Each structure stands twice: as C-alpha cells, then as structure tokens.
Amino acid sequence: MAELVVSNLVKSFQNGARAVDDVSLDLPSGKWLTLLGPSGCGKSTTLNCIAGLETPESGTIRLGDRTLFDTARGGIPPEARDVGMVFQSYALWPHLTVARNIAFPLELRGIPARERKGRIADVANIVELGSMLERYPHELSGGQQQRVALARALVYEPKILLLDEPLSNLDAKLRERARAWLSALQRRLAVTTVYVTHDQTEALTMSDEIAVMSEGRIAQRGTPREIYGAPATPFVADFIGTSNFLNGTVLSRDRGSGTVRVADAEFRFVLPDGVGVGDDVLIAARPASLRVAARDDSSTIHGRILQRTYMGFRYEYLAEIAGAEVRIDGAEEIPDGVDTISVSLTPEECSLFRRDGHESKRAAR
Amino acid sequence: MTDTDAGNASQAHRDVTRTRLATPLTQYGIVLLTVVLVVSPLLPILYQSFIAQPLYRDDLDFTLSNYARLFVSRAFYDILWVTFLFSAGIAVVSTAMGALMAVLTVRTDMPGRGWIGTIFTIPIYTSSLVLAFAWITVYGPGGYLTATWANVLGLPAWDLYGLWGMILIGSTAYAAIPYFYCTSALTMADPSHEQAAQICGAGRMRTLWRITLPLLRPALSYSLLINFVAGIETLSIPLILGEPRGVRTFSTFLYTEIGKTEPQYGLVACASMLVLVFMALLIMLQRRVLGDARRFVTVQGKAQAPKRLRLGPLRWPLATLCWIWVTVLVVLPLAGLLARSAVQVLTPYISPLTVLTWDNYVQIFEVDTYARSIWNSLLIAGVGGFFAACLSLGIVLVAERSDNPLRRPLRFLSLFPQAVPGVIVGVGLLWAFVLVPGLDIFRSTVIGLMIAFTMRYIPLAVGAIAPSLGAIGPELDRAARTSGATWIGTVRRILVPLVAPGFLGAYILLFLSFLREYTSAVFLYVPGTEVIGTTLLSLWVQGKSGPVAALAVIQIVLVTAVVLISRRLLGVKMYG
C-alpha cells in the first residue's frame with residue numbers, strides 16, 4: 001500500500017478546453033478518496049491519468065516512492081504502474097473463464113502456477129466467488145461480474161485500487177448491498193483506494209475523504225461530514241443533497257453571526273467571513289430544514305404555491321419565495337383554495353454564501 | 001521463469017526492457033512494412049516519368065519531355081475519352097440495374113425474389129475475365145446464341161465487341177456492388193418513414209418514388225463512384241472486347257504498350273501518374289460521400305423486416321421480366337461456358353451430345369504450365385492471403401488501438417491502394433524488382449505476386465477487420481494494460497483471440513480475391529509463376545477456347561467451394 005500524491009495535474013481536451021485543470025490531491029496509505037462530480041467534471045480523466053491510460057500535459061503523480069508521471073520525464077506506461085483498476089463496464093475478457101481472467105495479471109508477473117492457484121482461491125473467497133471460477137463472464141450476473149473485476153484488480157496486491165463507477169451498472173437494491181460490502185472489504189484489506197462516482201450517497205457512505213469536482217477543478221475537499229455539513233460553494237451544496245436556495249439580505253452583523261432577512265421574515269445565521277451588512281446572500285437549505293409551518297408567526301416565511309404534489313404519506317409543494325423556487329415537504333394538506341404557504345426555517349442546518357451574478361442564476365432556476 | 005526471488009527480479013527486469021522495445025518495434029515495423037508495400041510500386045513510376053530512357057539503363061537524363069509529349073498526344077486524349085465513356089457507362093448502368101433489383105427483391109412481394117437476387121449477384125464471385133469469356137461463348141460473333149439467332153432464325157445479329165458490349169458486360173459484372181449497398185440501405189432504413197408517408201396520404205407507388213428512392217441516394221452515389229473506379233481499373237473486358245475493335249482504355253493502353261518490344265516507358269509512366277492523381281481525387285470524393293452515407297443510412301441501426309409493397313397484378317409479369325433478365329445476363333453465359341468446357345465445339349449445327357469430351361479438362365491438368373497455374377493460384381491465395389490478412393490485422397491494431405503517433409497516416413496509407421489500378425501495381429512492382437538489386441528473387445518466384453496482390457487488397461482486408469475490432473470495447477484493452485500487460489501482450493492475449501472471427505472473414509475475402517486476381521499479375525508473372533488469370537488470358541490469345549472454358553469453370557468451382565464452406569462451417573458472410 002502506498003501514499004498517492006497528485007500535484008498540479010493538467011489535461012486538455014482536443015479542442016483545448018481543460019478536462020483537468022490544476023488538480024492536486026494527496027491520499028494517505030490505506031485511505032479511501034472519492035472523486036465526486038457530475039459527468040464531464042474531469043473525475044474519470046483524473047483517474048485515467050493516475051492509471052496511465054491518459055497522459056496529462058503537466059503535473060506530477062507519485063505513488064509511494066515512485067514517480068508515475070512528471071512533466072519533464074513523462075509517464076511510465078500503465079502496465080508498469082502496479083495499479084489495480086475496476087472499470088464501469090467491468091471489462092471482463094469474454095473469451096476467458098473467471099479463473100483465467102483473475103490469473104491474467106499473475107501470469108504477467110511470472111507467478112508460478114501452483115502459487116497462482118492459491119492466490120486465485122484466496123481472492124475468490126474474499127469476493128465470495130469461490131464456486132464461479134470455471135464460468136465465463138456472460139454466465140454471471142452483473143453483481144458477480146463486478147466482483148470478478150474486483151478480484152482481478154486485487155489479486156496481485158496492487159499499490160493502489162482505482163474504481164471507476166463500479167456500482168453504476170447494478171440495480172438499486174444490489175447497489176446498496178454492494179456499497180456496504182465493498183466498503184467493508186476495503187477497510188479489511190486497507191488498500192489505498194481512489195473511487196470515482198457521480199452518486200452522492202456512494203460518496204458519503206463509503207469514503208474517508210471526498211473531493212467534489214466541477215469543470216476540471218476540485219471544488220471542495222474534506223470528510224463526508226465536512227462536505228455535507230459545510231459545503232464550501234453553492235455548487236457543492238447543490239450537488240451533495242438536494243438543496244433549496246433562498247435569497248436573503250444581511251441586516252446586521254455582530255462578529256460571527258448576524259440577522260438575515262428572507263422574504264418577510266428574519267433569522268440569525270452564522271455568517272462567513274467577508275459577508276457584511278447590506279450584502280445579498282444565498283441560503284442553501286436542505287429539504288429537511290424547510291417545513292410547512294404549523295402556525296403563522298414572525299419567524300415564518302410566506303410564499304406563493306405554484307404546484308402541489310401528493311406523494312402518498314406526505315405532500316410536496318413547489319413555492320416561490322423571494323424570487324426563488326423551492327420545494328417544501330409537509331405532512332398536512334393545504335386546502336385547494338389556499339395559494340399561500342407559511343414556511344419555517346432552521347438556520348443551523350443551512351449554509352450561507354455571498355451572492356454574485358452566477359449564483360443568483362442558479363438560485364432562480 | 002526461475003524460482004528464486006532474485007532470479008525473478010532480474011528476469012522481470014529483463015522482461016521489462018525486452019517488452020518495452022517490443023511494442024515500438026512491432027508498431028513501427030508494421031508502419032514501415034505498409035509504407036514499403038504501398039510506395040514501392042509508385043516510386044519507380046514517378047521516377048520513370050521524369051527520365052527520358054527506360055529506367056533500367058545507366059545513362060539517364062532527367063526531363064519533363066514525357067509529360068509534354070503526353071499532353072500533345074492526340075491518341076492519349078482519345079484513350080482518356082474512351083476510358084471515361086466506358087467507366088461512366090458502367091457506373092450508371094450497373095447502379096441503375098443494382099438499385100432496381102434491390103428495390104424489387106427487398107421491398108416488393110415479387111415471387112422468386114430470393115433466387116433472383118442470388119443469381120443477380122453471382123458475377124461478383126466469378127471474375128470479370130471469366131464473365132467476359134462466358135459472354136463471348138454465348139453472345140460473341142461466333143457464339144452459340146448469336147449463331148442460332150442469325151443463321152438458324154435468320155434475324156439480324158448484334159455485335160458484342162465494342163464500347164456498348166463492354167459497358168453491358170462490365171455492368172453485369174459490377175452490378176452486385178450497388179445491389180449490396182442498396183439492399184443494406186433498404187433493410188436498415190426505418191419502415192416508419194414509409195408508413196408516415198402513407199399516413200400523410202401518399203399511395204404505394206408514390207411512397208416508393210418519393211420516400212424510398214431518395215433514402216437510397218447515398219448508396220447510389222457511393223456505388224456510382226466505386227464502379228466508376230472499377231471501370232478505370234478493369235483490364236479484361238476492354239482487352240477482350242475492345243481491342244479487336246480498336247476501342248482502347250487506359251488499362252489496355254498500358255497493357256499493349258508494355259507488351260511491345262520497344263515500349264515507351266516514359267509515356268506509360270506519365271499516363272499512370274495522371275491516372276493515379278485522378279483516382280486519388282475520386283477516392284477522396286468517394287470518402288466524403290461515404291461519410292455522408294453513414295450518417296444517412298445507419299441512423300436506425302437495427303434491421304427491421306420492412307413491409308413489402310404489394311405489386312398486385314404486376315407480380316407475375318415483373319417476376320417473369322426479372323427471370324429473363326438474370327437468365328440472359330448471368331445464367332445463359334455461365335451455362336454456355338460450362339457447356340463449352342465439356343465439348344469439342346459449341347455450335348447450334350451440331351448436337352453437343354455428339355461432341356462431348358473431357359479433353360479440355362485433361363489438357364488443363366496435363367500441360368504443366370496450366371496445371372501449375374492452378375496450384376500457384378491456390379498457393380498465393382492460401383499463403384499470401386494469410387500473410388496479407390496478418391498484415392491487415394496489424395495495421396488495424398496500430399491504427400485503431402494504439403497511441404502510436406503515426407496511426408492516422410497509417411490508416412490513410414492503408415486505404416490508398418484503392419486509388420491504384422492493378423495494371424499500375426504490376427508495372428510499378430516490375431520496375432521496382434528490376435531496379436533494386438537483389439529483388440530479382442521476388443520476380444522469379446510467386447512471392448512477387450503475393451506482394452502485388454497484398455498491396456492491391458490491403459484496403460479490402462482492413463475494411464473487413466476494422467468493424468469487428470471496433471465492436472470490442474476499448475475498456476478490455478485498458479483493463480489488460482492496468483493488469484500489467486504491455487501493448488503487445490494485450491494484442492496477443494486479449495485482442496487477437498477476440499477479433500479472430502473478423503480476421504477469418506478477412507482471410508477468406510483475401511483468399512477469394514487472390515484466387516481471381518490477374519490484372520497486377522499480367523506484367524509480373526514469369527514462366528513458373530503463372531496464375532489462373534494469366535493462363536486464361538494466354539490460352540485466349542492462342543484461341544484455345546475449350547481449355548479457357550475448362551479453366552474458368554475450375555476457377556468458379558474453387559471460388560464456389562470456398563464461399564459455401566465458409567458460409568456453412570464458419571457462418572462468414574461475404575460482401576453484403
């Protein structure tokens with residue numbers, strides 16, 4: 001196992017736009033880092049650069065005491081990097097049995113046949129595939145294929161495990177189980193792991209650390225708790241957990257906190273540095289922090305109902321509040337004739353950002 | 001592998017150094033081989049076009065006078081004009097025939113459409129040389145049906161020789177290409193286009209005319225170009241049917257000029273250069289049309305069973321016309337050829353049963369030169385075809401599945417031979433073998449012919465392998481690379497096993513093509529390296545029409561056997 005250090009990685013598309021724009025990462029030995037972001041954010045390109053499948057223009061990639069890539073000397077080819085990789089499609093070789101698929105990397109490393117057998121049996125046990133070894137990939141279910149791919153990537157004890165959306169081809173139920181299983185396995189083997197996904201639940205539940213990526217850059221880096229609890233930008237807040245965005249104005253500031261007006265109500269918020277009196281702010285509220293208020297008082301926000309949806313055990317309202325559209329959950333039904341809604345807000349569960357032109361557009365969505 | 005750890009480590013180290021070199025060596029080796037193969041027939045021609053004397057002489061003067069003489073030569077413009085008429089005629093007539101037949105067999109309920117379509121495409125499996133012999137046997141001046149028509153029935157006879165006959169036979173020979181393009185366009189096209197037109201109120205015939213045919217436009221324009229190029233290239237038809245009437249195309253001009261005792265080498269080279277440039281332009285145009293065609297035709301990817309147009313009362317009349325059509329153009333000539341091979345003389349005045357003989361076949365197998373040409377053809381097709389398939393596979397692997405900086409030029413280079421007529425390949429390689437010391441070994445053995453045929457058919461094989469390689473997901477190679485395999489290792493252990501069916505298909509395609517190829521061989525063969533095609537030609541020149549028919553039948557039997565075996569056993573589909 002080894003520590004991974006990526007610094008100032010740059011990789012451009014053919015048209016010159018940057019797929020990966022000055023990305024730096026460090027990952028201690030045995031830890032799990034998730035690269036999280038929407039498609040096209042550069043997360044897979046970063047992973048491929050680490051694997052050696054793509055060649056960056058500049059930057060350095062170090063794994064343990066080896067330099068895998070640097071601008072001046074170029075990169076070493078993927079086969080010499082000693083990484084294990086699981087692909088989104090699993091990429092099992094269809095003409096080889098499960099055993100031969102797993103044996104392939106061992107054969108390339110000149111491991112004698114007897115030892116190979118033992119190691120294949122061990123790894124097959126670990127991924128719970130012991131009885132499938134003589135089957136061909138097309139005879140396996142999606143979940144089994146995924147475990148073969150994992151076994152193939154682990155069998156030679158690579159220095160690092162790279163996973164490119166390995167769960168995205170599984171159905172919802174299987175995915176949930178695979179998540180817990182994969183995460184436990186990684187902890188047990190303590191293999192340094194880089195995991196790429198666009199699924200926030202996978203990222204939050206499995207990672208030691210998350211790097212949220214957007215447009216080729218790292219938007220925020222932190223533990224799942226930090227990312228979820230204190231998103232650094234509206235983008236991160238939006239991407240992690242569906243957030244509602246409300247518009248507000250800072251009325252007063254008293255050291256770390258201040259009063260913010262949202263529509264016709266006022267709340268006390270913890271204010272980030274650089275936000276002063278009179279500033280327009282954007283409040284990212286988790287769905288749970290906005291509720292239909294039981295009673296109407298000075299701490300409720302009033303909005304106009306645009307649309308109501310019956311969800312079975314609850315109601316969801318789309319409302320306009322201070323120029324922004326928000327979704328609010330409620331247990332009780334608001335009668336059909338009524339078109340205003342009273343909303344309560346829990347400031348402690350919200351994140352607050354200074355507004356600029358770009359973000360206000362997002363909020364007005 | 002050694003058992004000790006230290007041994008392992010140093011072995012591993014040696015392996016790494018060895019394999020590091022193996023990948024670039026293999027890749028650049030393939031690139032170099034392709035460059036040599038494609039360029040070697042062209043360079044001597046370019047060189048010869050700028051020197052006044054034959055290129056094998058010692059006293060050479062560089063000059064532009066060859067070009068100057070060519071441009072003022074009246075004969076050359078005549079040749080260009082005839083070549084244009086002939087090629088354009090073939091392109092237009094064959095495309096019209098192929099498209100019409102495709103619409104009738106794919107989109108209507110005409111009875112017997114399956115058989116009619118199959119018979120219609122037979123000529124592509126024989127060679128145009130054999131087809132020309134077959135036609136002459138039946139429709140030539142002394143042909144069986146001509147004689148019946150003119151002498152027995154006393155009706156005015158036709159003259160098969162000359163430009164019109166050439167166009168008719170050429171179109172029959174090449175009509176299968178537009179037919180295949182149109183059938184695939186018609187089966188791939190989404191039937192909802194036609195249903196939509198009918199819902200809008202268009203009748204069946206109007207739908208056919210306004211919707212179905214326009215959908216064929218890309219297939220049509222591509223076929224026109226391909227068969228135009230085929231017309232420029234073809235040697236047999238103008239040689240057999242044009243020369244006797246003084247109708248001379250570029251191919252026959254080259255053939256007769258080189259055959260002279262004092263050929264005007266400079267002139268031949270210049271004319272070849274001009275044709276090469278023209279062909280290259282055409283191929284570029286064709287590439288652009290094809291690009292469009294792909295976008296146009298295969299949008300809907302899946303083949304659905306199209307609703308057939310009901311012909312109603314026209315069913316039987318149309319079917320009868322089509323049967324007459326394929327019978328006259330294909331069945332009768334081939335039947336005549338078969339009959340000719342089994343009799344001493346084929347005329348309406350003598351019952352063929354009284355002159356039945358095995359003599360023609362016996363001659364073929366008893367005369368060493370003739371028999372040898374069959375073995376040579378099989379050897380070249382079997383061994384040369386295999387090496388050509390291997391090289392094509394290598395080219396596709398480097399061009400499509402490597403990060404070699406030369407992969408794009410390689411792709412272009414591998415398709416370039418499409419622009420080089422077979423006669424030019426023959427002349428160019430002949431000169432190269434003469435010019436470069438030590439290459440004489442190629443000329444005196446069948447290896448030279450293998451090289452020529454390989455150069456000719458690399459684009460065909462590359463085109464056959466590329467789609468099956470494309471169907472293999474790139475993540476499979478990437479997984480092998482991250483598992484520790486080099487590029488070579490990935491190719492050897494993952495890609496080659498997976499692409500094997502595509503490779504086999506390409507090999508069979510090459511085998512069949514090599515078995516029929518003769519245009520690039522006519523200048524290259526020497527006593528001992530005859531192939532079926534060159535023997536057919538020389539037998540024809542000697543007037544031995546019986547043995548010609550016998551050898552042609554043998555070639556057809558060989559080709560048919562290979563086609564049937566590969567279809568049955570391997571499920572490989574030729575063409576279409």
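Order of the sequence lines fixes the chain letters, A, B, ..., with proteins taken first and strands second; residue numbering starts at 1 for each chain. Keep in mind that this is a model prediction, so the values were computed, not measured.
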Among A/Gln88, A/Met85, A/His95, single out the residue with the greatest number of heavy-atom pairs under 4.5 Å to chain B. A/His95

Closest non-hydrogen atom pair between A/Tyr90 and B/Glu475, with its separation: N-OE1, 4.5 Å

Here the pair of heavy atoms bringing B/Ser483 nearest to A/Phe104 is CB-CD2, 4.1 Å

For the OH atom on B/Tyr28, are there more than 12 heavy atoms of other groups (residues, nucleotides or ligands in this structure) within a distance under 6.0 Å? yes

Which heavy-atom pair separates A/Pro77 from B/Arg481 by the least distance, and what is that distance? CB-NH2, 4.0 Å

Is A/Glu115 in contact with chain B via its backbone, its side chain, both, or neither, using a 4.5 Å heavy-atom distance? neither

Let me know if A/Leu106 has heavy atoms under 4.5 Å from chain B in its side chain, its backbone, both or neither. neither

Option that, when pairs with chain B are counted at under 4.5 Å, heavy atom only, ranks first among A/Glu79, A/Arg81, A/Arg152: A/Glu79

Please determine whether the number of non-hydrogen atoms from other residues, nucleotides or ligands lying under 6.0 Å from atom NZ of A/Lys11 exceeds 12. yes

Roughly how far, to the nearest 0.5 Å, is the CG atom of B/Asp403 from the OG1 atom of A/Thr55? 7.0 Å

Quick check: closest heavy atoms across B/Leu476 and A/Pro94, and the distance to 0.1 Å? CD1-CD, 3.9 Å

Side chain, backbone, both or neither: which part of A/Asn48 has a non-hydrogen atom closer than 4.5 Å to chain B? side chain

Quick check on the interface: out of B/Gly473, B/Ala485, B/Pro497, B/Pro474, who has the most heavy-atom pairs with chain A under 4.5 Å? B/Ala485

More than 12 heavy atoms of other residues, nucleotides or ligands under 6.0 Å from CZ of A/Arg179: yes or no? yes

Flag if over 12 foreign heavy atoms under 6.0 Å of CZ, B/Arg407: yes

Give the member of A/Ala149, A/Gly84, A/Ala51, A/Ser89 that has the highest number of heavy-atom pairs under 4.5 Å with chain B. A/Ser89

